[in-house]
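For the numbers below, each heavy atom of this structure counts, side chains included, while hydrogens, waters and symmetry mates do not. To find a chain, count down the sequence lines: A is the first, B the second, and so on, and within it residues start at 1.
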Amino acid sequence: MAIKFKGVDFIEFDTLLTDDERLVRDTARKFIEDNLIPIIEECNRAGRFPRELVKPMGDLGFFGASLKGYGCAGMSNVEYGLVTQELERGDSGVRSFVSVQSALVMYPIYAFGSDEQKQTWLPALQKGEKLGCFGLTEPDFGSNPGGMRTRARKVGNEYVLNGEKMWITSGTIADVAIIWAKVENEDNKIRGFLVETNRPGFKAEDIHGKWSLRASVTSGLSLQDVRVPESNLLPGSGGLKSPLMCLNQARYGIAWGAIGAAMACYDCALQYSLLRKQFRDQPIASHQLVQEKLSWMITEITKAQLLVLQVGRLKDQGKAEHYHISMAKRNNVWMALECARLSRDILGANGVADDYPIMRHMMNLESVKTYEGTQDIHTLIIGARVTGIDAF
Amino acid sequence: MKILVCMKQVPQKDAPLKLNESGTWIREDVSYEVNEPDAFALEESLRQKEKHGGEVVVITSGPARAQQVLREALAKGADRAIHLEDNAFVGLDAFNTARAFAAAIKDEQFDLIFTGLQSDDYGYAQTGVVLAELLGWPHATIIMHIEKNDAGIRVKRELEAGYFQYVDMPLPAVLTIQSGINKLRYATLIGIKQAKNKPLRKVTLAEVQSAIGANLQKIERLYVPQKTKNTEFLEGPPAEVAKKLVDKLRNEVRVL
């Protein structure tokens, strides 16, 4: 990497953090700088998930970091957010992997699982010895997951599952899938199931040709008469609210993560603009139009930090509502994508090449803008909150 | 083995530094980090503890912000910490810092005291050595490797030009540790959580005041090097110019 990340803090944001929060952030930052940055461009080119980082990340406590017990670190929501920020400063795909493992696999087991399910899965998932994926989205149901076609039918003391899931992060590398299905014998109520991926009838295949999140695995899942014992039902799950609670966790992490991607782009563009000379041998940072871009970016990054920090503080007090998280996710991902585009402008042709991280972040962020509730869906969630009228 | 590690908080290596108003030191509003050689000293102490058992205690002096280096050390696995907390410790000379440390640990019994080879800010490389003298212990500097044996320890010192020296020492002893002798670990998230419950003893300036004296060293003026550029043309026939050039390179610029 030609340009080394120097950190971004315009308004002494760090003084809003506790010593522990800064230490968590700095630890994650150092880990990513040492271990991911040197290999990420190669991973992105090859479309390779850096599986070698799973164990070290588990050792450091990155999986299920905000859960308590089962070997988890019991981090506050702000600390957890700072970790995702640093992960995504490295790469959105790697952050996605951690978000899925933590917020979409460990969290539902933690929140809706039986004691036995928690004991079986959480310690192994925390260490990264077992990996998980989250099957909610289907080929025909993205923004409207309530329309899902996947069905579970109770037969004796088993459930039989049938359906297709699509755009599933970590699908082919997962040992267990959290599958959301409508239970036919229960008025088609949506419930969650733990499905070990080696069960007969379960198939996962990678989606190829992605222009985005190339360092993480994205798959389609197919379930044909997959039989699981009734003990694999997540007993606490019930209704669409359950998977949406998981998404809330993940969206919150994304709101922080996007800041990391934005910081990476901005810092790279800033340093580049001070080195790159055009016209009268002056650095392009001395040009007004370049300064306008840099000013816009640092302002938006700073606003995004304050927004998500407040949401995190609310979350730590148990007061964060889903629409708060929607605002943070919507704003911050949009902001990050704009920063990537402006940074690419500043780097000119160099911004297109993977000597610099910007185009990779930009392409990643296109996915981040769409998954876990699209920009538009979050707009409607905020709209519904302020008007009291659902516009879905 | 019971090991004390002396650690210092220093300005971050790539942080932009601004001079304070009196021009005697840098402004406080800068990012700080653990002095790098001290991080290696801590790592070595944790490895020794993992091999031989015992306890790792970390000590620092400085204002409240300096506690961060102790927190980080506790998160990485140190058992407890001692903080000599006062602004007066900023800029204190190595002699008095060592005297303050010696006073703060007078009721403790350590087998080994580690310091980093030197600090990244002042770069005295003296605190450890002076501390050994004050305690009446043997010391060795620039340590690359430590092996415990029945009689004490055998250490490998780095000398100049690729030479090393092996020294057998009795315990207790003071060692100053060279950077890069091991691979630093990361603090784990759970370690950061657990660090909160580890003991941290605060020592006030008053408690060690009688042990220390007036600062023996003072920075009169700190300034950014003035850039000067001077072009001189050497005239004459080539042989003569070459001779003048060699003379200048040897006696003025001193690069030959």
Side-chain angles (χ1 to χ4, degrees), chain A residues 3-9 11-15 17-35 53 56-76 78-84 86-87 98 102 123 126-127 267 271 274, chain B residues 7 9-18 27-36 38-40 42-43 46 50 58 60 62-78 81 83 85 180 182-198 200 202:
Chain A
I3 288 179
K4 189 175 180 296
F5 182 63
K6 285 188 174 164
V8 176
D9 184 357
I11 51 160
E12 295 192 31
F13 178 81
D14 274 12
T15 61
L17 303 176
T18 65
D19 284 354
D20 274 3
E21 286 163 353
R22 280 200 302 277
L23 183 52
V24 166
R25 194 264 322 269
D26 293 347
T27 296
R29 180 170 293 178
K30 188 157 178 16
F31 175 82
I32 291 300
E33 188 66 35
D34 294 347
N35 297 280
L53 298 185
M57 289 197 288
D59 289 345
L60 287 190
F62 286 1
F63 305 137
S66 61
L67 306 181
K68 290 188 175 67
Y70 309 98
C72 301
M75 299 266 103
S76 72
V78 171
E79 288 165 330
Y80 168 72
L82 288 162
V83 171
T84 60
E86 295 307 315
L87 288 167
V98 176
S102 302
Q126 189 282 321
K127 291 192 197 86
D267 182 62
Q271 293 193 47
L274 290 163
Chain B
M7 305 192 68
Q9 190 186 43
V10 295
Q12 229 166 37
K13 263 198 281 313
D14 46 7
L17 304 176
K18 284 169 272 182
R27 274 169 48 168
E28 278 279 309
D29 57 345
V30 66
S31 301
Y32 289 91
E33 65 183 0
V34 173
N35 180 44
E36 194 179 52
D38 298 345
F40 286 98
L42 172 70
E43 179 64 39
L46 296 172
E50 280 156 9
V58 286
T60 196
R65 62 169 162 78
Q67 207 188 92
Q68 182 69 7
V69 305
L70 300 178
R71 292 255 162 247
E72 193 173 329
L74 294 172
K76 286 184 172 184
H83 184 188
E85 186 179 345
N182 46 41
K183 189 166 183 294
L184 301 180
R185 71 191 64 195
Y186 301 99
T188 65
L189 300 190
I190 213 157
I192 293 170
K193 277 280 157 221
Q194 287 167 345
K196 278 200 182 106
N197 302 321
K198 291 182 176 177
L200 192 155
K202 288 198 181 181

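- At a 4.5 Å heavy-atom cutoff, the contact between A/Asp59 and chain B is made by backbone atoms alone.
- There is no contact between A/Glu12 and chain B, counting heavy-atom distances below 4.5 Å.
- For A/Ser76, the part sitting under 4.5 Å from any heavy atom of chain B is the backbone (N, CA, C, O) and nothing else.
- Counting only heavy atoms from C-beta outward, the side chains of B/Leu189 and A/Val24 approach each other to under 4.5 Å.
- Interface check for chain B: of the options A/Asp9, A/Val83, A/Leu23, the most heavy-atom pairs under 4.5 Å are formed by A/Leu23.
- By a heavy-atom distance cut of under 4.5 Å, B/Gln68, B/Arg71, B/Glu72 are the residues of residues 64-73 of chain B near chain A, going up by number.
- Here the CG atom belonging to A/Asp19 is positioned 11.5 Å from the CD1 atom belonging to B/Ile192, to the nearest 0.5 angstrom.
- The greatest number of non-hydrogen atom pairs below 4.5 Å with chain B, out of A/Met75, A/Arg22, A/Lys30, is found for A/Met75.
- For the atom pair B/Gln12 CD and A/Lys6 NZ, the distance stands at 11.5 Å (nearest 0.5 Å).
- Take B/Tyr186 and apply the side chain to side chain donor-acceptor pair (under 3.5 Å) test, not counting sequence neighbours, and it matches A/Asp34, A/Asn35.
- The environment of NZ in A/Lys68 is sparse: at most 12 heavy-atom neighbours from other residues, nucleotides or ligands sit within 6.0 Å.
- Across B/Ala15, B/Ser31, B/Ala187, the residue that shares the most heavy-atom pairs under 4.5 angstrom with chain A is B/Ala187.
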